[in-house]
Amino acid sequence: MLTRKESMDCKEFEKRIPDFIARKMDYPTLKNFNAHIGKCVDCKEELEIQFLVTEGIQRLEDGSAFDLQSELDERMAETEHKIRFHNGFLYFGFALEVIAVCLLLGIVIWILL
(Lines give C-alpha, C1' and ligand atoms only; values in the text may rest on other atoms or scores of the structure.)
Protein backbone atom coordinates (compact mmCIF):
# COMPACT_ATOMS: atom_id res chain seq x y z
CA MET A 1 0.00 0.00 0.00
CA LEU A 2 1.25 3.48 -0.83
CA THR A 3 1.28 6.25 1.72
CA ARG A 4 -0.22 9.67 1.06
CA LYS A 5 3.02 11.31 -0.01
CA GLU A 6 4.18 8.56 -2.33
CA SER A 7 3.21 8.76 -5.96
CA MET A 8 2.70 5.74 -8.14
CA ASP A 9 5.19 5.04 -10.90
CA CYS A 10 4.36 3.27 -14.16
CA LYS A 11 5.66 -0.10 -12.98
CA GLU A 12 3.53 0.01 -9.83
CA PHE A 13 0.54 1.23 -11.88
CA GLU A 14 0.75 -1.71 -14.29
CA LYS A 15 1.05 -4.11 -11.37
CA ARG A 16 -2.17 -2.69 -9.89
CA ILE A 17 -4.31 -2.85 -13.07
CA PRO A 18 -5.72 -6.34 -12.30
CA ASP A 19 -6.78 -5.15 -8.83
CA PHE A 20 -8.52 -2.14 -10.39
CA ILE A 21 -10.35 -4.31 -12.90
CA ALA A 22 -11.40 -6.72 -10.13
CA ARG A 23 -12.41 -3.77 -7.89
CA LYS A 24 -10.04 -4.96 -5.16
CA MET A 25 -8.16 -1.75 -4.46
CA ASP A 26 -8.06 0.09 -1.14
CA TYR A 27 -8.75 3.83 -1.05
CA PRO A 28 -5.17 5.21 -0.82
CA THR A 29 -4.01 2.97 -3.67
CA LEU A 30 -7.10 3.83 -5.74
CA LYS A 31 -6.45 7.53 -5.22
CA ASN A 32 -2.80 7.22 -6.34
CA PHE A 33 -3.84 4.98 -9.25
CA ASN A 34 -6.38 7.55 -10.41
CA ALA A 35 -3.89 10.41 -10.03
CA HIS A 36 -1.36 8.52 -12.14
CA ILE A 37 -3.91 8.01 -14.93
CA GLY A 38 -4.35 11.78 -15.09
CA LYS A 39 -0.63 12.29 -15.64
CA CYS A 40 0.44 9.32 -17.77
CA VAL A 41 -1.10 8.71 -21.19
CA ASP A 42 0.85 5.48 -21.68
CA CYS A 43 -0.51 3.94 -18.50
CA LYS A 44 -4.05 5.03 -19.36
CA GLU A 45 -3.69 3.24 -22.70
CA GLU A 46 -2.33 0.16 -20.92
CA LEU A 47 -5.33 0.19 -18.57
CA GLU A 48 -7.70 0.44 -21.54
CA ILE A 49 -6.00 -2.48 -23.30
CA GLN A 50 -5.99 -4.73 -20.23
CA PHE A 51 -9.59 -3.82 -19.39
CA LEU A 52 -10.77 -4.52 -22.93
CA VAL A 53 -8.93 -7.84 -23.07
CA THR A 54 -9.93 -9.04 -19.58
CA GLU A 55 -13.56 -7.98 -19.72
CA GLY A 56 -13.92 -8.83 -23.43
CA ILE A 57 -12.80 -12.41 -22.92
CA GLN A 58 -15.13 -12.76 -19.94
CA ARG A 59 -18.09 -11.40 -21.92
CA LEU A 60 -17.36 -13.66 -24.87
CA GLU A 61 -17.34 -16.65 -22.53
CA ASP A 62 -20.62 -15.51 -20.98
CA GLY A 63 -22.15 -14.80 -24.38
CA SER A 64 -23.37 -11.38 -23.27
CA ALA A 65 -23.39 -8.16 -25.27
CA PHE A 66 -20.99 -5.43 -24.27
CA ASP A 67 -19.69 -1.93 -24.87
CA LEU A 68 -16.39 -2.12 -23.05
CA GLN A 69 -15.22 1.44 -23.69
CA SER A 70 -18.40 2.80 -22.11
CA GLU A 71 -17.97 0.42 -19.19
CA LEU A 72 -14.40 1.58 -18.63
CA ASP A 73 -15.54 5.21 -18.79
CA GLU A 74 -18.25 4.42 -16.23
CA ARG A 75 -15.73 2.65 -14.01
CA MET A 76 -13.43 5.70 -14.15
CA ALA A 77 -16.34 8.03 -13.32
CA GLU A 78 -17.29 5.74 -10.43
CA THR A 79 -13.69 5.90 -9.21
CA GLU A 80 -13.72 9.70 -9.30
CA HIS A 81 -17.00 9.71 -7.36
CA LYS A 82 -15.62 7.33 -4.71
CA ILE A 83 -12.54 9.48 -4.26
CA ARG A 84 -14.58 12.70 -3.94
CA PHE A 85 -16.96 11.04 -1.46
CA HIS A 86 -14.11 9.63 0.62
CA ASN A 87 -12.29 12.98 0.63
CA GLY A 88 -15.49 14.74 1.73
CA PHE A 89 -15.94 12.21 4.50
CA LEU A 90 -12.34 12.76 5.66
CA TYR A 91 -12.78 16.55 5.68
CA PHE A 92 -16.05 16.22 7.58
CA GLY A 93 -14.34 13.99 10.16
CA PHE A 94 -11.51 16.46 10.50
CA ALA A 95 -13.98 19.31 11.02
CA LEU A 96 -15.74 17.32 13.75
CA GLU A 97 -12.40 16.70 15.46
CA VAL A 98 -11.59 20.43 15.41
CA ILE A 99 -15.01 21.27 16.85
CA ALA A 100 -14.57 18.65 19.60
CA VAL A 101 -11.15 20.03 20.54
CA CYS A 102 -12.54 23.58 20.63
CA LEU A 103 -15.41 22.46 22.86
CA LEU A 104 -13.03 20.67 25.21
CA LEU A 105 -10.76 23.71 25.37
CA GLY A 106 -13.78 25.90 26.04
CA ILE A 107 -14.91 23.64 28.88
CA VAL A 108 -11.42 23.53 30.39
CA ILE A 109 -11.08 27.33 30.21
CA TRP A 110 -14.58 27.78 31.69
CA ILE A 111 -13.73 25.42 34.59
CA LEU A 112 -10.39 27.15 35.30
CA LEU A 113 -11.89 30.64 35.32
Side-chain angles (χ1 to χ4, degrees):
M1 183 169 79
L2 299 171
T3 61
R4 274 180 149 176
K5 295 181 182 180
E6 293 180 42
S7 62
M8 187 173 286
D9 63 9
C10 294
K11 186 176 180 179
E12 179 71 17
F13 180 90
E14 289 183 23
K15 188 173 95 175
R16 300 287 184 175
I17 290 174
D19 290 339
F20 176 79
I21 293 171
R23 298 176 192 242
K24 294 182 179 179
M25 208 176 274
D26 60 30
Y27 170 74
T29 306
L30 183 63
K31 188 174 180 180
N32 285 316
F33 187 89
N34 192 56
H36 187 81
I37 289 173
K39 296 183 287 187
C40 185
V41 175
D42 293 336
C43 286
K44 185 173 183 177
E45 289 176 8
E46 182 63 26
L47 171 63
E48 289 174 354
I49 290 167
Q50 286 194 37
F51 183 82
L52 295 174
V53 169
T54 303
E55 292 295 315
I57 289 171
Q58 182 64 42
R59 299 295 164 72
L60 288 172
E61 290 174 357
D62 295 344
S64 58
F66 52 89
D67 179 4
L68 295 175
Q69 188 60 50
S70 294
E71 288 184 34
L72 179 57
D73 293 341
E74 287 175 20
R75 179 87 54 98
M76 295 309 300
E78 177 184 309
T79 298
E80 290 282 337
H81 177 72
K82 282 181 182 180
I83 290 170
R84 280 194 311 273
F85 178 79
H86 195 276
N87 284 342
F89 188 72
L90 289 174
Y91 290 131
F92 180 71
F94 178 74
L96 288 177
E97 288 178 16
V98 169
I99 290 169
V101 168
C102 290
L103 285 173
L104 287 173
L105 283 173
I107 292 170
V108 168
I109 290 172
W110 180 69
I111 290 174
L112 293 176
L113 295 177

Heavy-atom check, side chain of E78 versus side chain of H81, under 4.5 Å: no
Which pairs would a plain distance check flag for residues 43-53, meaning a side-chain donor or acceptor within less than 3.5 Å of a matching protein atom at least two apart in sequence or in another chain?
residue	atom	partner	partner atom	Å
E46	OE2	Q50	NE2	2.8

Could you please spell out the steps behind the side chain to side chain contact (heavy atoms under 4.5 Å, CB included) verdict for Q69 and D73? CA-CA 6 Å; Q69 188 60 50; D73 293 341; 3.3 Å; yes
Spatial distance of atom OG1 (T79) from atom CG (N34) [nearest 0.5 Å]: 6.0 Å
With rounding to the nearest 0.5 angstrom, report the CG to CD distance, D9 to E14. 9.5 Å
Would you give the length of the straight line joining atom CG of L96 to atom OH of Y91, rounded to the nearest 0.5 angstrom? 15.0 Å
Please examine the side chains of N32 and F13, heavy atoms only from C-beta on, and report whether any two atoms are closer than 4.5 Å. no
Can you tell me how far apart CD1 (I109) and CG (L104) are? Round to the nearest 0.5 Å. 11.0 Å
Taking side chain as C-beta onward, heavy atoms only, is T29 less than 4.5 Å from M8? yes
Residues that, via side-chain heavy atoms closer than 4.5 angstrom, fall in one hydrophobic cluster with W110: I107, I111
Spacing of F33 atom CZ and I83 atom CD1 [to the nearest 0.5 Å]: 10.5 Å
Heavy-atom pair with the smallest gap, counting every atom of R23 and R75: NH2-NE, 2.9 Å
To the nearest 0.5 Å, what is the distance between CD1 (I37) and CE (M76)? 3.0 Å
Any non-hydrogen side-chain atom of E55 less than 4.5 Å from a side-chain atom of L72? no
